[in-house]
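A quick write-up on the structure given underneath.
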Amino acid sequence: MQLDCTVMFSICINKQKQQQNKMSNNKPDVKFIFEITDKVLWNTFKKNEIGDVLLPFVVIRRLDCILEPVNAKVREAYNNFKDKVSEDKLNPILRKAAGGLQFYNTSKHTLESLKENPKTVEIDFNNYLNGFNAEVRDIIDNFQFDKVVARLVKNKLLYQMIDAICKVNLHKDKVDNHNMGYIFEELIRISNEQSNETAGEHFTPRDVIELMIKIVFSTEKDVLTKPGIIRTIYDPTLGTGGMINLAKNYIVDELCRDEKSKPVIRTYGQEINEQSYAIAKSEALITGENADNIRHGNTFTEDRFPDKNFHYMFANPPYGVTWAKDAKFIQNESANPAGRFYAGLPGTSDGQLLFLQHMISKMENEGSKIAVVTNGSPLFTGNAGGGESDIRKWIISNDWLDCIIGLPKDLFYNTGINTYIWFLDNNKPKHRKGKVQLINANVPEDKANGIEGFCRPEKRSLGNKRNKIESFHIAKLVDIYTKFEKGKHCKIYNNDDFGYYQITVEQPEYDAKGKPVIDKKGNTKPDTKKRDKENIPLSEDIELYFQNEVLPHVPDAWIDFDKTRIGYEINFTKYFYEYKGLRSSAEIKAEIEALEFGTNGQKGITELLKELLG
C-alpha cells in the first residue's frame, strides 16, 4: 500500500513538472518546489501537506535574502538601543536601519549560518524566527509553523529543509518583486490543486478568476491609462489573495503592458481563516506591497476597513454558510439606516447577500465595479417583502446590477452545484443604464453535435472540478458582454422586468347552506384554506390581470390589497429555457426496430417505451 501511494504521488509530481515546463519563458522557474518535495518531504508529508511546509519556508527565505545587505546595521542598531528605548520606539529605529523595509531580524543567525552547527539547528532556528519583527512573527504564527517545525525535527529533516531552501536564490537581483509574486502564486496554485479535497473552500479556480477579471476590466483601459491614475482592489473574503493579486497582475502585465502611462494599483483584503490570511499577507510582504492592507478578522462583525472605499472588488463568499453566531451584531447594524445591512437580511442559513451588501457599502462615489461568485440561492430565494427579495429590489432599483453570468457546472473544487457571477457597477455607461444583461455560459462543449459551448472537460478531475473554461471561451464571453446584444446566450432586460406584485387572492368561506359567511363587520369572511398568492409583473395592471387570469377560474374571488407586496427575483433558468417537444411515435418506433435484442437492447426498448407512453 505504501508503495502504491508513493508511486501515485511521484506520478502526480511528474505531471506537475510537465505542466511547469510548459510555462512561458518570461516567468520564473519554480522547479525547486518539486526538487524539495522529491528530495526532502515526499516520504514524510502527504501531498496535500506540502504547501504547509513550503509556503512559510519560501516566505522566510525571501525575507532572509532581502535582509542580507542590512542585517549588520539592524543588529548594531538593536544592540545600541534595545535597553535605552521602549519597544514601540525601537521598531521605527530598526526599520530605518533596515533601509525603510517593513521587516527586519535582530537575531545573529541567517538561514545560511544555521547550517554551520547541525547539532544546535533546532535551537538556533527558533532563535532566528524570534528575531523577526512582530508583524512577521504574526504571519509565522498564523501559518501554524511550529507544528511544521516539530514534524521536521521529529523526522530529522529540519537541517535538510534549511539546506534545501538555502539553495533557492530569492535575492532581488535574481527575482524582482513582480516575479516573486508569480513564484508565490504558482506555489499557492500547486498546493491548492494537490490539496483540493480538504482545502478547496479557500481557493477559487484560476479560470473563474480570469473570467471575472477580464469582464470587469474589459471597458476600463481608457481610464486606467490616463496619467496619474491610482486605483484600489479589494476582496472581503480574501482567502489566499488570488483574486486581488491576479487582478493587479492582469492590469500591469496585459491590459496596460504597452502603455506609457500605467496606473498605481493598491490591493486590500480581509480574511477570517488564519492560514489563508498568513499566505495572503506573506505575498504582500515579500512582493513589496503594503502588508498592512491585508487584515485578519470577521468581515461581518469586525470590518477592518470601516472608512475605506474601493474602485474594484472581487469575492467568492462561502455558499450556504450560517451567520447565526453573528446574528445579534448584524441585526443591530441592520436597524441603522447608515449601516451596511439596512436593505434587508437574508435567512441566517446563508450569508452571501450580506457579503454583497458589504461590498456595495464600499463603492466609490466616482464609480466602482464588483464581481462576486454566488450559488443560485441569492437569485430567487425568499418571498416578496422578505429580506432576500428586498435586497434584490434595493440593488436592481438603484441600477447597480449590470450583468449575471451563469457558469458551467463542475468548475469548483468543493461543489458541483450551479454557480453565477454577479457584476455590479454604480456608474454604468448610458446604453446599459436601467438594464441588466444575463449571459448563459452553462453550455458544455459537445463537438459530436457541433456545440462549441463555454467549457471543456479537465484532463483529470480535481475534486469536484471536472470542467475548465479555456481562454478562448473567456474571450467569447467577454465579446458577448461588451457587444451587449440579445442572442441565444444573452438576454437583456429592463430593471423592472425582475419585479412583481405579489397579491393575496381570497375566496369566501361558505356555511352549511352554501352561503358566504359574513363576519361581525359585515364583510365576507375569507376561507384561509383556499387562500392563494399570485405574482404579477410590475409592468401589468393588477386589476386587469386579476380580471383576465383569475376570475374566469374562481369567479367569487377577490384581492386583499392590504397584503400586496412587491418582490424581485431573477429566475435565470426560466429566461434561458428552451422547449423541446416530444419525439414522434414514428421516430421512436423506427429506433426500437433498429435495436438489437439482448440485455442492452431490452433496456433501450424499456426507456423508449416509457418515452412513447409519456
Side-chain angles (χ1 to χ4, degrees), residues 192 195-205 208-209 212 235-240 242-243 270-276 297-302 313-331 333-334 340-341 343-360 370-384 386-395 401 404-424 441-442 462-467 567-574:
N192 278 296
S195 64
N196 64 78
E197 291 91 349
T198 56
E201 65 269 23
H202 302 303
F203 184 62
T204 307
V208 176
I209 299 176
M212 297 169 73
D235 184 346
T237 59
L238 185 62
T240 57
M243 286 191 176
Q270 183 166 342
E271 171 57 34
I272 192 171
N273 179 273
E274 291 180 350
Q275 286 181 295
S276 297
N298 184 331
T299 299
F300 289 158
T301 60
E302 188 184 9
M313 288 174 264
F314 300 87
N316 180 14
Y319 311 147
V321 174
T322 180
W323 51 276
K325 64 183 178 66
D326 302 323
K328 185 174 181 181
F329 182 95
I330 291 170
Q331 287 164 358
E333 184 169 345
S334 72
R340 295 169 293 172
F341 312 119
L345 295 179
T348 55
S349 62
D350 190 351
Q352 292 176 89
L353 285 171
L354 293 177
F355 280 109
L356 192 51
Q357 288 183 85
H358 168 79
M359 295 171 81
I360 290 171
I370 291 173
V372 58
V373 182
T374 75
N375 63 14
S377 177
L379 295 172
F380 53 79
T381 302
N383 294 317
E388 293 92 345
S389 178
D390 283 350
I391 295 167
R392 289 189 291 268
K393 176 184 176 183
W394 174 67
I395 292 170
L401 184 58
I404 296 178
I405 296 180
L407 295 174
K409 286 187 176 181
D410 301 324
L411 287 179
F412 291 82
Y413 299 100
N414 62 329
T415 181
I417 61 176
N418 287 322
T419 49
Y420 304 82
I421 307 176
W422 296 50
F423 296 93
L424 281 71
N442 190 11
L462 298 165
N464 285 306
K465 184 170 175 56
R466 300 179 181 89
N467 289 321
Y568 275 73
E569 69 174 11
I570 304 168
N571 195 333
F572 202 94
T573 303
K574 181 183 76 174

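A quick note: this is a predicted structure, and the numbers were derived from the prediction, not measured. Atom set for the values below is all heavy atoms of this structure, side chains included, hydrogens, waters and symmetry mates excluded.
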Euclidean distance, Thr299 OG1 relative to Gln270 CD, rounded to 0.5 Å: 3.5 Å

Donor-acceptor contact present, side-chain Glu271 to main-chain Gly239, <3.5 Å: yes

What heavy-atom pair brings Ala371 and Ile421 nearest, and what distance separates the two atoms? CB-CG2, 4.4 Å

My understanding is that only residues two or more places apart in sequence, or in another chain, count here; which of them pass ring pair (Phe, Tyr, Trp, His ring centres under 6.0 Å) with Phe572? Tyr420, Phe576

Could you please spell out the steps behind the side chain to side chain contact (heavy atoms under 4.5 Å, CB included) verdict for Val372 and Trp422? CA-CA 5 Å; Val372 58; Trp422 296 50; 3.8 Å; yes

One should read off an interatomic distance between Asp410 CG and Ile417 CD1, to the nearest 0.5 angstrom, of 11.0 Å

Which heavy atom of Glu388 sits nearest to which heavy atom of Gly382, and what is that distance? OE1-CA, 3.8 Å

Out of Pro346, Pro317, Ser377, which one pairs with Leu353 under the side chain to side chain contact (heavy atoms under 4.5 Å, CB included) rule? Pro346

Taking every non-hydrogen atom, the tightest pair across Arg392 and Thr381: NH2-O, 2.8 Å

What residues form a salt bridge (Lys or Arg N to Asp or Glu O under 4.0 Å) with Asp350, not counting sequence neighbours? none

So, using side-chain contact (heavy atoms from CB on, under 4.5 Å) as the criterion, who are the partners of Asp326 when residues are at least two apart? Asn298, Phe300, Thr301, Ile330

With rounding to the nearest 0.5 angstrom, report the CG to CD1 distance, Leu401 to Ile570. 5.0 Å

Rounded at 0.5 Å granularity, tell me how far CH2 in Trp323 sits from OG in Ser349. 9.5 Å

Once you round to the nearest 0.5 Å, how far does CD1 of Ile209 lie from CZ of Phe314? 10.0 Å

Does Gln352 use its side chain to pair, donor to acceptor, with the backbone of Asn375 at less than 3.5 Å? yes

Got Ile391 and Leu356 here, is their nearest side-chain heavy-atom distance under 4.5 Å? no

Would you kindly say whether Asp235 and Thr237 are connected by a side-chain donor-acceptor distance under 3.5 Å? yes

Closest contact, heavy atoms only, Asn273 versus Ser276: OD1-N, 2.9 Å

Phe355 vs Thr374 side-chain heavy atoms within contact, under 4.5 Å: no

Do side-chain atoms of Thr322 reach the backbone of Thr348 as a donor and acceptor pair under 3.5 angstrom? yes

Report yes or no: does Arg466 contribute a side-chain atom to a donor-acceptor pair with the main-chain N or O of Lys409 at less than 3.5 Å? no

Donor-acceptor pair, distance only, cut-off 3.5 Å: does the side chain of Ser389 make one with the backbone of Tyr568? yes

Can you tell me how far CD of Gln357 sits from CD of Glu333, rounded to the nearest 0.5 angstrom? 9.5 Å

Apply side chain to side chain contact (heavy atoms under 4.5 Å, CB included) to Val208 and Val373, showing your working. CA-CA 9 Å; Val208 176; Val373 182; 4.3 Å; yes

